[in-house]
Amino acid sequence: MENVFFTSNPIILLILTLITTALIILGRKLELPQLPILIVVYSLGLLIYHTIGVDKYPMNTSPFYFSIAADLILLFLGFITYLWIDDIVAKNKNLKSYSDVLSWFWDKL
């Protein structure tokens, strides 16, 4: 079980946080809503990997559960960021946004 990629490891979580932040900033600066989709893809991949690991190593599942929680947070962050950047691009280019489900949230800020 030494070669398992745990996102509950602080160093790996820091690296994933830096990658996520870089993709969000790049997506915002370049106005590319496709970049946060990469966050969704790699967090889904990690989520599937850690979910399979819970069944494969039933003795010590605590690191897997922390990793699954971190993966779900990254997945949620990537999805919300995609909607946010897509809305910004749609407003700047006068296009129809994919979804305007977060307008109630942005209006309150």
Side-chain angles (χ1 to χ4, degrees):
M1 197 161 90
E2 302 85 30
N3 61 356
V4 178
F5 185 76
F6 289 123
T7 53
S8 59
N9 184 351
I11 294 172
I12 293 176
L13 190 60
L14 178 69
I15 291 170
L16 282 175
T17 304
L18 290 174
I19 291 170
T20 302
T21 306
L23 285 173
I24 290 171
I25 291 171
L26 236 93
R28 174 71 173 100
K29 293 267 186 197
L30 300 176
E31 293 186 348
L32 290 173
Q34 295 84 3
L35 286 177
I37 296 296
L38 291 174
I39 300 169
V40 172
V41 168
Y42 72 70
S43 61
L44 271 176
L46 289 172
L47 182 64
I48 292 169
Y49 178 73
H50 292 129
T51 306
I52 291 171
V54 170
D55 290 334
K56 193 173 182 181
Y57 302 105
M59 293 299 183
N60 190 10
T61 57
S62 172
F64 286 105
Y65 290 137
F66 288 123
S67 295
I68 288 171
D71 298 339
L72 287 172
I73 290 169
L74 285 175
L75 180 66
F76 179 71
L77 181 68
F79 181 69
I80 294 297
T81 304
Y82 167 73
L83 291 177
W84 176 54
I85 294 175
D86 184 55
D87 187 51
I88 290 171
V89 171
K91 285 180 182 175
N92 287 346
K93 296 182 179 180
N94 292 328
L95 300 172
K96 182 171 176 5
S97 178
Y98 177 73
S99 176
D100 199 20
V101 295
L102 294 176
S103 64
W104 62 270
F105 180 73
W106 306 128
D107 292 341
K108 290 183 180 182
L109 295 176

Given a cutoff of under 4.5 Å between side-chain heavy atoms of I, L, V, M, F, W and Y, with clusters grown through shared members, what are the other residues clustered with Leu18? Leu14
If you take all heavy atoms of Asp71 and Ser43, which pair is closest and at what distance? O-CB, 3.8 Å
Measuring from Phe76:CZ to Thr81:OG1, what's the distance to the nearest 0.5 Å? 9.0 Å
Just so I know, are the side chains of Ile39 and Ile24 near enough to count as touching, which here means a heavy-atom distance under 4.5 Å? yes
Rounded distance [0.5 Å steps], OH in Tyr82 versus CG in Leu23: 15.0 Å
Tell me the closest heavy-atom pair linking Val89 and Pro33, and the distance in Å. CG2-CD, 4.1 Å
Nearest heavy-atom pair of Gly78 and Pro36: which atoms, and what distance? O-CB, 3.8 Å
Scanning both residues in full, the closest heavy-atom pair of Ile85 with Arg28 reads CD1-N, 3.7 Å
Minimum heavy-atom distance between Glu31 and Asn92, given as atom pair plus value: OE2-ND2, 2.6 Å
To the closest 0.5 Å, what do you measure between OG1 (Thr17) and CD1 (Ile12)? 11.5 Å
For Gln34, all residues meeting side chain to side chain contact (heavy atoms under 4.5 Å, CB included), sequence neighbours excluded: Leu32
According to a 4.5 Å side-chain heavy-atom criterion applied to Ile, Leu, Val, Met, Phe, Trp and Tyr, with indirect links allowed, do Phe66 and Ile15 form part of one hydrophobic cluster? no
Would you please name every residue forming a side chain to side chain contact (heavy atoms under 4.5 Å, CB included) with Ser67, sequence neighbours left out? Phe6, Thr7, Ser8, His50
Single-linkage hydrophobic cluster Phe64~Ile73, side-chain heavy atoms < 4.5 angstrom: no
Tell me, do Asp87 and Leu83 make a side-chain contact under 4.5 Å, heavy atoms counted? no
Give the minimum heavy-atom separation between Leu13 and Ala70, together with the two atoms involved. CD1-CB, 4.1 Å
Please round to the nearest 0.5 Å and tell me the distance separating atom CD1 of Ile80 and atom CG of Leu75. 10.0 Å
Distance check, rounded to the nearest 0.5 Å: Leu44 atom CG versus Leu72 atom CG? 9.0 Å
Hey, what do you get for OH (Tyr65) to OG1 (Thr51), rounding to the nearest 0.5 Å? 9.5 Å
Checking Ile48 now: which residues fulfil side chain to side chain contact (heavy atoms under 4.5 Å, CB included) with it, not counting sequence neighbours? Ile52
Going by the rule side-chain hydrogen bond (donor to acceptor under 3.5 Å, both in side chains), which residues pair with Thr20 if we only count those two or more places apart in sequence or in a different chain? Tyr42
Only counting residues at least two apart or in another chain, list the ones meeting side chain to side chain contact (heavy atoms under 4.5 Å, CB included) with Lys29. Ile25
